[in-house]
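One structure is given below, encoded as structure tokens.
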Amino acid sequence: MPFFFQYVLKALLLLVVPLLAACDPVQSALHPGGPSAQAIASVWWVMFWGSLVILTLVMALALIALRATPAEKQYRPGRWFILGGGVLFPVVTLTVLLIYSFEIDYPLFRGESEPMNIEVTGHQWWWEVRYPGAGDAEVVTANEIHIPVGRTVRINVRSADVIHSFWVPRLGGKQDAIPGHENPLDLHADQPGTFRGQCAEFCGAQHAHMAFWVIAEPVERFDAWLARQSQPVSAPAGEAAASRGREHFLQVGCAECHRIRGTAAKGDTGPDLTHVASRRTLAAGTLPMTRENLARWISASQRIKPGNRMEDFSHLDDAVVRDLAAYLHSLE
Ligand code: CUA
């Protein structure tokens, strides 16, 4: 009997893990922030309570069998018991669940006829985000997706290298990012909010540091954000450090990989940095966006996120790194 209870205890501990994981609502599929996620969460709850009832039933039967007296152990169940419990019950239960989940899932992929399109490309290990056809200039950003509340947004998911998976648990299901292929995923936020997303397919050493944020805001605020993002940067007005940083940026090699619209920096292998300081995080959710962290990232990116495609610029003087950070932090 103690042996049996050990298993029960382990099963209970395993149940506690998802419950604890759901405590933080920024990235919990159990705190839906829109209709798709709501539908997925309801399927999850039905499956959860259904399995719990069946598990309890099976455990109760197992307990009864274990506690049986030698005389009771002579009992042989009839054919109806084997067929009913072993064949009919699973077939009926699984068929009902299958039809139910199709009923819920199918509308999620039918989509709206004229959604707003956003192109999202997975890279090792960050997300490129493009808003096509917005204003004169195409808006390109990274690791942060702003969407208007109350409107369906179609995310066209792609990959530049290996298979990634785009997932914002509070807004919808997962969509694979496959090289050479485009997969759509419709997101819809009912309320303004900030939702964390995460790459959900192992894609190399820094897979865990491939997060992003989705910021759902009222239409007017979204439009203002998009208009601001579509502007190229002008020469830094304030600090002298920022002006020096701008020169360094073009000279020490940053511009080979990064683009800053409005300057001669036109690299396209790394994230577009035109309005980098307006983002919440640095290096795909790895560090909060601060001037100090920008400096740390420039001089020690390989220590912070080993294996990422940006080399350490540890050979630069501290003063140069500080100027670069001052410049990048001015790009709001
Ligand atoms: Cu990209 Cu995991």
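Numbering of ligands and ligand atoms starts at 1, following listing order. Quick caveat: nothing in here was measured; it's all calculated off a predicted structure.
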*Any side-chain donor paired with an acceptor under 3.5 Å for H188 and D186?*
no

*Inspect the contact between E182 and R158 and indicate whether a charged nitrogen and a carboxylate oxygen are less than 4.0 angstrom apart.*
yes

Which pairs would a plain distance check flag for residues 309-317, meaning a side-chain donor or acceptor within less than 3.5 Å of a matching protein atom at least two apart in sequence or in another chain?
unit_1: R309; atom_1: NH2; unit_2: Q124; atom_2: OE1; d: 2.9
unit_1: D312; atom_1: OD1; unit_2: S301; atom_2: N; d: 2.7
unit_1: D312; atom_1: OD1; unit_2: Q302; atom_2: N; d: 2.6

Side-chain donor-acceptor distances from residues 199-220 under 3.5 Å, at least two apart:
unit_1: Q206; atom_1: OE1; unit_2: H209; atom_2: ND1; d: 2.7
unit_1: Q206; atom_1: NE2; unit_2: P306; atom_2: O; d: 2.8
unit_1: H207; atom_1: ND1; unit_2: E201; atom_2: O; d: 3.1
unit_1: E217; atom_1: OE2; unit_2: H146; atom_2: ND1; d: 2.8

*Under-2.8 Å protein N/O/S neighbours of atom 1 (Cu) of ligand 1, ordered by chain then residue number*: H164 ND1, C199 SG, C203 SG, M210 SD

_Enclosure of Q191 CD (heavy-atom neighbours >12, cutoff 6.0 Å)_ = no

I'd like a table of donor-acceptor pairs (distance under 3.5 Å, sequence neighbours excluded) in which one partner is a side-chain atom from residues 47-60, with atom names and distances.
unit_1: S51; atom_1: OG; unit_2: M47; atom_2: O; d: 2.3
unit_1: T56; atom_1: OG1; unit_2: L52; atom_2: O; d: 2.5

